[in-house]
Every structure is written in structure tokens, then in C-alpha cells.
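A short write-up of the structure that comes next.
Numbers here simply count residues along the sequence, with the first being 1. Read the numbers this way: they start at 1 and go in the same order the structure lists the ligands and their atoms. All heavy atoms count here, side chains included; hydrogens, waters and symmetry mates do not.
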Amino acid sequence: MSGKGFQEGVETVRGGVFIETYGCQMNLVDSEIVMAMLEERGYQRVDRAEQAEVVLINTCAIREHAESKAISNIGRFGALKKRNPETRIGVLGCLSKHASSEIAKQLPFLDWVMGPDVYRRLPALLLEPPPEVPLIFPKGSPNELYDDILPARREGTNAWVTITRGCNNRCTYCVVPAVRGEERHRPVESILREAREAVEEGFVQITLLGQNVNSYAHEGTDFPDLMEQVAAIPGLKRLRFMTSHPKDCSDKLLDVLAKGLPVCPELHLPVQAGGDSVLKRMGRKYTSDHYRSLAAKAREKVPGLLLSTDIIVGFPGESEADFRETVRLVEEMEYDNAFVYKYSERPNTPAAKLEDDVPDGEKVRRLMELNDIIQASGQRNRLRQVGQVHPVLVEGPSPKKPEEAIGRTPSGHMIVFPGTPEFGSELWVRVKKLSGMTLRGEIVDKPSS
Ligand code: SAH
Ligand code: SF4
Ligand code: F3S
């Protein structure tokens, strides 16, 4: 047997768990939560699937491409089961009920297929004999927050801390509300506890996570209040967050952003489209003018702000004129960075009832046009950094040249500079030049004022 890419003769590690994670940071944290639950019961993480007794694949369904990539990759794990029938293989994550049944049918070697709110069942399932046919658990507790579980983080400077799960926004194209359920908010105290513990462990940067962080509310504490409380944690050097929905991003939040470190001047504000009729059909609940004035206010209030966005091209009915509106907005915004996606019809979403009428070639053309504009504005913004001096958080040695270090400016620009400073430390760096898309700098003394 070829092992389909798996190396023969690799020894299994007792209690070894291999997790492969697709999708967004929410999934990344969920994998850390699952790992924490299993580590508590004596399992251990392994880096290669061949070493594992338990293989878990945490999937994403945001676009068809993401979903089919995950599904085709699951297939290859069948070889492991053939080699060792004791191997337990589970699919986790954001799959629709329909996709879960399909996967279970197509890949009978699987043990379980489970949605994001079911993971507490995993340790008990591992103690049961392998099921004859894949067991499907699409929905767990609608109130699940995994609040008592400290994610098993790996090394790095950044700890992702989830503040909400699920989403109530029901953007018409989006599968998240269906697969992750109603929005729930973690209590302030448990967020603070987790953030404090992470900082004590050396994760000097915290990124608060939610599908729409601005809607956070718990017993009178809103998101800007929460940011202030997290920012006050001793030892915390950087505080970031994602994602902000333009309909709920408040002046109060911009005021907190303007206060400076540890709060970083960075705002990921997905616009999705620039034409009002498309925005309306997407169910985004704001107009392009609202977005423009919000972005202008953010730039004015927050010095050195890094502004980024997400855009979908080729939403059903997006005409050339609608697309030109998006181009106009993107040109005005001078984004630092953006993720542009081709619209992908998702089963059972409201937009799936509309005809997916923009041909793929046209979607590609629109995507490339936007990417060119964003690439150019990002480059202009990076060039503007040259000559500036920033407090940089060191992320580690440069993978290519160990005598150089990489770090990040408060707004989130990556910078490379000579030296071997300690990982997680903060030092002052002057930006000397832009080479390609990389900022290069040199360590300087802390400015006196
Ligand atoms: N909650 C976040 C984003 C979550 S998904 C927000 O609302 O900003 C990340 C991005 O994927 C979205 O911003 C959107 O641009 C894109 N996306 C979501 N559904 C999509 C679909 N059906 N087709 C293409 N892109 C999609
Ligand atoms: Fe999806 Fe909209 Fe919720 Fe973001 S805000 S997760 S795009 S429904
Ligand atoms: Fe994230 Fe994908 Fe689920 S983007 S919330 S992992 S559908």
C-alpha cells in the first residue's frame, strides 16, 4: 500500500492526536480547545498524522472551494485507517447538516462528524468502541461557550481569545449563522481570566475574536468597555481584535483605538461591496456612504491606522455599474490590505435563491482588478512608513536569515531588521526602506519624547 503520501514505518505515539485545521481563527481556537480537553485526559499533540491514534480534521464551509478542499483532504486519511484499523478519525467544524451526511456517506471509514458546539462529547466517544458507521452530531448546545476550557496554545506572541460564538447578522450569502448558530457572549470575567493567564504565559499580544465583535454585550459591558478592561492587564503589550461590522462600529470604539498602545491602530472593516443595491441584497444593513464616513472618522481619530477589508465580487445580480461602485470605493479607501473573494453560492443561504449569474471568468476579472488597486495602495502606505520610528514587537528570527529578526509595528506592518533580540520583547526600530513588499529597518534608541 502506498499510504497515499503517508510515510510507512513511522511509529504511533500513545495517545497521539493530530489535528488539521481549515478556515478562520475561530476554528483555530476551537482546535486548541479540543486539544486542551484531550490533553487533560492524557492525550498529546503529534505533528504527523502517521504518529496519531486520533486524527481530527476541523473543516470550513465559507466558500465551496474551502469545503471541497477539506473534504478531498479527509479522503486521504482513509489510508491510515487501512493501515491501522484502531486509528480514530473525526471530522469537526463548520459543515452544514447536508454536507455532514454526504461526507459520512462518501467516507465510511470516519468515526464521527461533529459540528462546532459538540466537542465536549469527544473524550467520551474516544473511550467507546469505534462505531460501525460514522456517527453524525451536527448540533450541540446552542449555549456552548467552552468557557471553562483554556485553549492549548502553541508557541508565539499572540493569543486569540474568543469573546463571542455564532452570528446573528444573517448576511444573505453567508453560511456562518447556520453552521455556528445564534450569537452568544462570554462573560467579561472569564475573558479577562483567560487573557491574564495568556499574558502570564508569555503571550504578550491578545487578539479578541468574534464574527462581529462590536455586538459584544454582557451585563452592561459593551465591546469598547471590554477592550479597555483587557488593555489594563499588566504585561500586555498589544491588543487587537477582529472582525468589526460597519453597521455596529461605534465612535466609542474609535475613541478606545485612539488611546494608543497596548491598543493597536488597526481596523479590519469588511465592506463586501461598494454599490448600495448589492449591499442591500447582501443584507449588510449599511450604505456605502455610511461606510465612507466611518472609515474617514476612523482615519481622522486614530493616527497611523491600518485599514483592511473583505470584498466579495460577483454577488448575484452585480452589474458592471455596481462593480464600478466597488472600484470607486476601494480607490478612495486606500486600503493597506484586503481579501477579495469570488462569490460562492452556499446551500440554504438566502442568496442561494438568487441566480448566481456573474460568470466565473468575469468574477476573476473583477477580483484581479481590485487586487491590483489594493496592492498599489498597500504599497503606497508601506512606502509612507520609511523614515518612521516604531516600537516593534519581536516575533522571532527571520526564517531565511537567523542573524535578522522579524517584528510587527503597532499597526501590524511586518518589519525585518538586523539583530537577535529576544522573542516577545519590544524595541524601537527605524524603517529604512521598502524592499519588494517587506519593510526593512534598524534598531534605534527609544526616542526621548
Ligand atoms: N464575520 C466576518 C467575516 C466572516 S467570513 C464579517 O462579517 O466581516 C470572512 C469573509 O468571507 C467575509 O467577510 C466575506 O467577504 C467572505 N465570504 C463569506 N461568505 C462568502 C461567500 N458565500 N462567498 C464568497 N465569500 C464569502
Ligand atoms: Fe457571515 Fe455576516 Fe455573520 Fe460575518 S457578519 S459571519 S459575513 S453573517
Ligand atoms: Fe470560520 Fe469557515 Fe467556520 S470561516 S466560522 S471556519 S465556515
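- For ligand 1, the atoms closer than 4.0 angstrom to any heavy atom of T243 are 6 (C), 8 (O).
- Close approach of ligand 2 to P177 (heavy-atom distance below 4.0 Å) involves ligand atoms 8 (S).
- Side chains of E345 and Y343: no donor on one and acceptor on the other come within 3.5 Å.
- Residue contacts with ligand 1, taken as heavy atom pairs separated by less than 4.0 Å, involve P270 solely via side-chain atoms from C-beta onward.
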List the steps, then state whether side chain to side chain donor-acceptor pair (under 3.5 Å) holds for S31 with N58. CA-CA 7 Å; S31 289; N58 196 357; 3.0 Å; yes

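- Dense packing is recorded around CD of E320, with more than 12 heavy atoms of other residues, nucleotides or ligands lying under 6.0 Å away.
- Those atoms of ligand 3 with a heavy atom of R180 less than 4.0 angstrom away are 3 (Fe), 5 (S).
- Residue Q211 has at least one heavy-atom neighbour below 4.0 Å for each of these atoms of ligand 3: 5 (S).
- Side-chain atoms of N158 and T207 include a donor-acceptor pair closer than 3.5 Å.
- Counting atoms of ligand 2 from 1 in the listed order, those under 4.0 Å from a heavy atom of C167 are 3 (Fe), 5 (S), 6 (S), 8 (S).
- At a heavy-atom distance under 4.0 Å, atoms from both the backbone and the side chain of I62 approach ligand 1.
- A donor-acceptor contact closer than 3.5 angstrom is absent between the side chains of Y335 and N381.
- No side-chain donor from either of T59 and E67 sits under 3.5 Å from a side-chain acceptor of the other.
- Closest protein heavy atom to atom 4 (C) of ligand 1: Q211 OE1, 3.4 Å.
- Ligand 1 has no atom lying under 4.0 Å from any heavy atom of N212.
- Taking every non-hydrogen atom of R63 and a distance limit under 4.0 Å, the qualifying atoms of ligand 1 come out as 11 (O), 16 (C), 17 (N), 23 (N), 24 (C), 25 (N), 26 (C).
- Between the side chains of H390 and Q385, at least one donor N or O lies within less than 3.5 Å of an accepting N or O.
- Between Q272 and ligand 1, at least one pair of N/O atoms sits closer than 3.5 Å.
- The shortest contact between atom 7 (S) of ligand 2 and any protein heavy atom is with Y173 OH, 3.4 Å.
- Ligand 3 lies out of reach of Q25, whose nearest heavy atom is not under 4.0 Å from it.
- Side-chain N/O atoms of S308 and H268 include a donor and acceptor closer than 3.5 Å.
- Closest heavy-atom approach to atom 7 (O) of ligand 1 among the candidates H245, R180, E345, R284: R284.
- Ranking protein heavy atoms by distance to atom 22 (N) of ligand 1, first place goes to S344 O, 2.8 Å.
- For the 3.5 Å distance criterion, the side chains of T287 and D276 fail to qualify, holding no donor opposite an acceptor.
- Shortest contact from atom 2 (Fe) of ligand 2 to any protein heavy atom: C171 SG, 2.2 Å.
- At the shortest separation from atom 6 (S) of ligand 2 among protein heavy atoms lies Q211 OE1, 3.5 Å.
- At a cut-off of 3.5 Å, with distance as the only test, no side-chain donor of K247 or N214 sits close to an acceptor on the other residue.
- Within the 4.5 Å cutoff, the side chain of L254 has heavy atoms near those of the L267 side chain.
- The contact set between ligand 2 and C174, taken as ligand atoms under 4.0 Å from a residue heavy atom, comprises 1 (Fe), 6 (S), 7 (S), 8 (S).
- Note: H290 and Y286 have tilted aromatic rings, judged against thresholds of 30 and 60 degrees for the angle between ring planes.
- Within the structure, the closest approach of R284 to ligand 2 falls below 4.0 Å when heavy atoms are considered.
- Taking 4.5 Å as the limit, some side-chain heavy atom of E53 sits within range of a side-chain heavy atom of T12.
- The atoms of ligand 1 that sit less than 4.0 Å from any heavy atom of K342 are 23 (N), 24 (C).
- Separating the CZ atom in R121 from the CZ atom in F137 is a distance of 4.5 Å, to the nearest 0.5 Å.
- Inspection of the D147 and S190 side chains reveals an N or O donor paired with an N or O acceptor under 3.5 Å.
- Within the 4.5 Å cutoff, the side chain of R193 has no heavy atoms near those of the P187 side chain.
- Protein atoms of type N, O or S found under 2.8 Å from atom 2 (Fe) of ligand 3 total 1.
- Residue contact annotation: R346 has a non-hydrogen atom under 4.0 Å from ligand 1.
- At a 3.5 angstrom cut-off on N or O pairs, D310 counts as close to ligand 1.
- Protein heavy atom in closest approach to atom 5 (S) of ligand 2: N169 ND2, 3.4 Å.
- The side-chain tip of R45 does not point at the ring of F18 from less than 6.0 angstrom away and within 45° of straight on.
- When ring centroids are compared, F241 and F223 come within the 6.0 Å threshold.
- Of all the heavy atoms of Y173, the ones lying under 4.0 Å from any atom of ligand 1 are found in both the backbone and the side chain.
- In the vicinity of R170, heavy-atom distances shorter than 4.0 Å reach the ligand 2 atoms 8 (S).
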